[in-house]
Amino acid sequence: MERFPEHQRNAKVLRARDVTALSRLALLLFCGLALSSGFVLAAEQHFVAVQDGYKSESLRNERKKLIEDNQRLALEKEMISAPSRLEQAARQLGLEPTTAGQIAQSDSARQSNSKTVVTEPKTEPKTSAKKASTR
């Protein structure tokens with residue numbers, strides 16, 4: 001009992017092609033590719049958005065740290081340039097406070113104070129000897 005006899009010729013049997021079935025299959029393939037490429041693009045945009053979120057968060061943290069450093073440095077600058085500290089540093093260098101005789105008025109100050117007579121002696125400070133020689 002042989003199911004397929006050997007003497008039967010199947011080579012001459014021609015089938016008619018179903019064009020509508022092929023077009024439906026091509027349309028289904030195209031729609032599937034379009035849908036899957038849409039999912040891939042959406043996933044890629046999601047991952048890019050997540051990475052941008054991490055970057056912006058790290059930049060916010062860095063900005064916060066830099067603002068704190070800037071405030072700390074500004075406070076340190078104010079502490080260093082405090083008048084009492086500058087006076088101590090000047091005394092360590094051998095400088096002394098100025099006296100009234102060492103301060104010379106400028107021409108504009110003399111014109112504004114022309115009504116009042118100033119009888120202070122005009123002596124130049126010790127440090128301005130170099131300035132007088134260069135004039």
Side-chain angles (χ1 to χ4, degrees):
M1 193 165 133
E2 234 175 89
R3 190 166 181 178
F4 297 109
E6 294 178 12
H7 62 278
Q8 185 176 12
R9 295 183 190 172
N10 288 332
K12 291 188 176 185
V13 176
L14 294 176
R15 289 183 293 164
R17 294 189 182 230
D18 190 7
V19 179
T20 58
L22 282 176
S23 63
R24 278 186 278 150
L25 188 60
L27 181 64
L28 184 63
L29 179 65
F30 176 74
C31 289
L33 286 175
L35 187 64
S36 62
S37 63
F39 282 129
V40 168
L41 289 175
E44 182 182 359
Q45 287 180 352
H46 172 72
F47 292 137
V48 167
V50 168
Q51 284 178 347
D52 287 345
Y54 284 133
K55 285 179 187 176
S56 67
E57 184 65 28
S58 67
L59 289 174
R60 270 191 227 109
N61 289 337
E62 184 178 353
R63 181 178 182 266
K64 184 179 177 183
K65 185 180 123 187
L66 289 174
I67 288 174
E68 289 173 358
D69 287 345
N70 192 13
Q71 290 174 347
R72 182 183 52 82
L73 290 173
L75 180 63
E76 190 175 322
K77 177 184 168 188
E78 290 296 324
M79 289 174 54
I80 288 174
S81 63
S84 61
R85 184 159 178 158
L86 289 176
E87 184 178 347
Q88 288 175 355
R91 288 182 191 261
Q92 288 176 354
L93 292 173
L95 300 175
E96 296 178 0
T98 58
T99 61
Q102 292 176 329
I103 300 173
Q105 285 186 345
S106 64
D107 292 334
S108 61
R110 287 181 189 156
Q111 289 174 357
S112 65
N113 292 334
S114 62
K115 294 180 182 177
T116 60
V117 178
V118 178
T119 58
E120 296 179 9
K122 295 182 181 178
T123 60
E124 293 193 18
K126 297 177 185 177
T127 59
S128 66
K130 289 182 182 178
K131 289 181 185 177
S133 65
T134 58
R135 288 184 189 171

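Counting from 1, the numbers follow the sequence of the chain as shown. Note that the structure is a prediction, hence the values are computed from the model and not measured.
With rounding to the nearest 0.5 Å, the separation of NZ in K55 from CD in E62 is 13.5 Å. Between atom NE2 of residue H46 and atom CD of residue Q51 there is a gap of 10.5 Å, rounded to the nearest 0.5 Å. Rounded to the nearest 0.5 Å, atoms CG (L27) and OG1 (T20) are 12.0 Å apart.
Clustering of Ile, Leu, Val, Met, Phe, Trp and Tyr side chains at separations under 4.5 Å places L75 together with M79. Under a 4.5 Å side-chain heavy-atom criterion applied to ILVMFWY residues, the cluster that includes L33 comprises L29 as well.
The nearest pair of heavy atoms linking P97 to Q102 is O-OE1, 4.3 Å. Nearest approach of I80 to L86, heavy atoms of both residues: O-CD2, 4.1 Å.
Partners of E68 under the salt bridge (charged side-chain N to carboxylate O under 4.0 Å, His left out) rule, at least two apart in sequence or in another chain, do not exist in this structure. In this structure, R24 has no salt bridge (charged side-chain N to carboxylate O under 4.0 Å, His left out) partners at least two apart in sequence or on a different chain. In this view, E96 satisfies the salt bridge (charged side-chain N to carboxylate O under 4.0 Å, His left out) rule with no residue, not counting sequence neighbours. The salt bridge (charged side-chain N to carboxylate O under 4.0 Å, His left out) test applied to R63 returns no partner, not counting sequence neighbours.
More than 12 non-hydrogen atoms from other residues, nucleotides or ligands lie less than 6.0 angstrom from CD of E57.
Looking at heavy atoms from C-beta onward, L41 lies out of side-chain contact with Q45 at the 4.5 angstrom threshold. Between L22 and D18 the shortest side-chain heavy-atom distance does not fall below 4.5 Å. In this structure, the side chains of R60 and S56 come closer than 4.5 Å at one or more pairs of heavy atoms.
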